[in-house]
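Before any comments, here is the structure.
It should be emphasised that the depicted structure is a prediction, and the values quoted were computed from it without experimental measurement. Lettering follows sequence order; numbering is per chain, from 1.
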Amino acid sequence: MAACSIVWFRRDLRLEDNPALVAAARAGSVIPVFIWCPAEDGQFHPGRVSRWWLKQSLIHLDTSLRSLGSPLIMRKAHSSLTVLLEIAEATGATQVFFNHLYDPVSLVRDHGVKQGLAECGISVHTSNGDLLNEPWEVYDDEGQAFTVFNAYWQKCLNMPSEPEAPLLPPRRLTGPIGKIVSYSAEELGLEDLSEKSSNALLARAWCPGWSHANKSLEAFLRGALLEYATDRQKVDGVTTSLLSPHLHFGELSVRKLFYEVHTKQFAWTREGSTVGEQNVTLFLRSIGLREYSRYLSFHFPFTHERSLLANLKSFPWRVDEGYFKAWRQGRTGYPLVDAGMRELWATGWLHNRIRVVVSSFCVKFLQLPWRWGMKYFWDTLLDADLESDVLGWQYISGSLPDGHELDRMDNPQLEGYRFDPDGEYVRRWLPELSRLPNEWIHHPWDAPLSALRAAGVELGTNYPRPIVEIGVARERLQASLAEMWEKEAALKASLANGMEEGLGETTEVPGTGGPSHERMDVHRVVVRRFAPHSGSFPRDQLVPDLPTESQQQAAASIMHQSIPIEEDIASTATMPPPVPSASAGMSLVGVSNPLEGHVRGSVDRSQSAQAAVPILDLDLNSTAESVVAGGRTESESGAVPIWSPSVPGQVQQQASAECLVPEVADVQQGGFSRRLTQSMLRVNQGAMASNKQDSEDDFFVPKREGKWKRTVKQQAKRNC
DNA sequence: ATTCAATTTTG
DNA sequence: AAAATTGAA
């Protein structure tokens, strides 16, 4: 009898160019499995729109697998491993195939699953189904992981071997013998009853599912790609590929996308069409950014909670839930920002330009911790993607060597006139401003009273005044930077003291000399590598095991927890350590165990690294840092306040939680009904529970000393 | 050819 | 916001 294999589908919901599926089909009969396992997602439980997409995509995949002869087995569980083992036992399957994922949660989970399966004598075969190049195949000349995008992408484009042509879908599949327990997509509970009406509207704009993804690709190749270079500036209309949700769930293989676009490029190059070539280069670059996001996530698996640059750890984030709320609701008083936030809320979609605008505003004007914004994006975006969003938020928040500077403050008014010159975008999403003439549409606060009155706008009532003036925001940001440097200096001094008292050289951080803000230290996690000349790279997924908080949480919930799903989610989201910023400040001095205040989920990384896996060499940076971490105080902002329930289980907790925000009377809690109608845009948000998680958090440092001096000068000039 | 201003690009 | 590029004078 032929071997029987499980294909574990995750975010590769397609039949075409799916290496795991093809390999399994070659080996014999195939059991396609999808496991819905929210317990393993920890704080990164997918939001409503994302779950809607997933559900539709699963239905679609199931239909096509059925027609090939082996329906999709769908299960809901607390542990992926348990389900895989159970199915293996029930069917006698001896092998499991799956494609690699690179987000921090998956890296740890898959590592555990692989070990667990191996211990039970089941062989595991994993493939690359998500990237052009595996992260461990691309290094710089010194053998180090890249930390800037351009160099990385150049290297990728010049790899010795061209990416292979995409694989065809299997013609037919042999299913398992006998019947296996399976849920229907409906029974997985991906969509709450209260969410259905809102979700119904999504179906008008989007068609999840791998064959629809292929159609979208076709449409893009014949449509927006032709004008991509020029049109991608425009914030309005269909100027981009709109493929990102398809890509997130792996309905479309990046390899195929690359292949198709590349083929076009050949044609255009032959015809000497420089415009066409330009289009393709630009589009492929955005594919490159997606690759890079996976690359970073793999090589720097802490970047979902800490900036890539190891400096700037003492930046005083503003832990202000009122600001956070105003931002989410699109009530900042800056029309372009508000329009973007309303569109996000209503549709789950934003043009990349607008994502940059609103996220910059969040970080620079409001000084909210970027992780808060990132979490909100995760909860609301249709194409929410952990790796891409981490990259995006680090990019705008001064956390990357090649990203925006921290003190770069883009002016939303100017951006408004650049990206939305006619104000159409703003008018669409801010109906209250729709009658305002172009002249004032992006800065209503300057408009004469008569103009406002004529347009039916009453600032402060109808539409808010700017939540913070640009000049004030700028000064505040500079002050915060100054504060940060002071703290950093103090920190360094105390660290130096500590060393004299016996820690010795072990805490020495390479490159410590010189002004700290001149350095651009990147936190490195050393992943075991194989000598380039040793022939082929390992085909298996490597796992850098830096046990960061949420990885540990995730890992813990995989392995040990057995609480009912709903409770579990609610607890990971709300239980967190009650370390309100006020009391945290007191724990600064005289804490015997520096990690005490951190409660659950936070563990001395130097210890846990040892306890964990030998693959990893933690470098000294991290060790030094874990010592320091416990002493940090009010800039603790790692905790992301809950902005709205993403699971029914949370609703009650929320209702009882105090709403910290006075202003705007909130309509409706708990219900997730947002609609595409404008009247509903008047804001409906759940209340926020204050959720002060312990926080290792975001830190970073400006990059050049010159920059600081210059900004001081500019400030002086402004003052004159 | 040279300079300055405007525009575009920047991960 | 700043650097790089283009274009007009």
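Atom OG of Ser314(A) and atom NZ of Lys487(A) lie 6.0 Å apart (nearest 0.5 Å).
Summarising the geometry, the separation between CZ on Phe149(A) and C1' on dT9(B) is reported as 14 Å, rounded to the nearest angstrom. Rounded to whole Å, the distance from CG on Leu296(A) to C1' on dG11(B) is 10 Å. Lys234(A) places its NZ atom 13 Å from the P atom of dT9(B), with the value rounded to the nearest Å. Remark: P of dG11(B) and CD1 of Ile287(A) are 17 Å apart, rounded to the nearest angstrom. Rounding to whole angstrom units, CE of residue Met409(A) and C1' of dA2(C) are separated by 16 Å. In this structure, Gln478(A) atom CD and dA1(C) atom C1' are separated by 12 Å, rounded to whole Å. Rounded to a whole Å, the CZ atom of Phe419(A) is 13 Å from the C1' atom of dT7(B). Going from atom OH of Tyr417(A) over to atom C1' of dT7(B) covers 19 Å, rounded to whole Å.
Each of dA1(C), dT10(B), dG11(B) was ranked by its minimum atom distance to the side chain of Asn411(A); first place goes to dA1(C). Side chain of Asp410(A), nearest nucleotide from dA1(C), dG11(B), dT10(B): dA1(C). Candidate nucleotides dT9(B), dT10(B), dG11(B) were compared by shortest atom distance to the side chain of Arg408(A), and dT10(B) ranks first.
Arg355(A) comes within 4.0 angstrom of no nucleic acid atom, judged by non-hydrogen atoms across all strands. Arg418(A) comes within 4.0 angstrom of a base, heavy atoms only. Within 4.0 Å of Ile396(A), counting heavy atoms only, lies no atom of the nucleic acid at all. Using a 4.0 Å heavy-atom distance criterion, Gly288(A) is classed as making no nucleic acid contact.
The main-chain N or O of Asp17(A) is found under 3.5 Å from a side-chain atom of Arg14(A) such that the two form a donor-acceptor pair.
Looking at Thr239(A) and Glu227(A), their side chains never bring a donor and an acceptor atom within 3.5 Å of each other. Under 3.5 Å, the side chains of Glu251(A) and Trp53(A) contain a donor-acceptor pair of N or O atoms.
Trp372(A) does not carry Arg328(A) over the face of its six-membered ring by the limits of under 6.0 Å from the centre and within 45° of the normal.
Dashed line: the shortest gap from a side-chain N or O of Arg474(A) to OP1 or OP2 of dA1(C) is under 4.0 Å.
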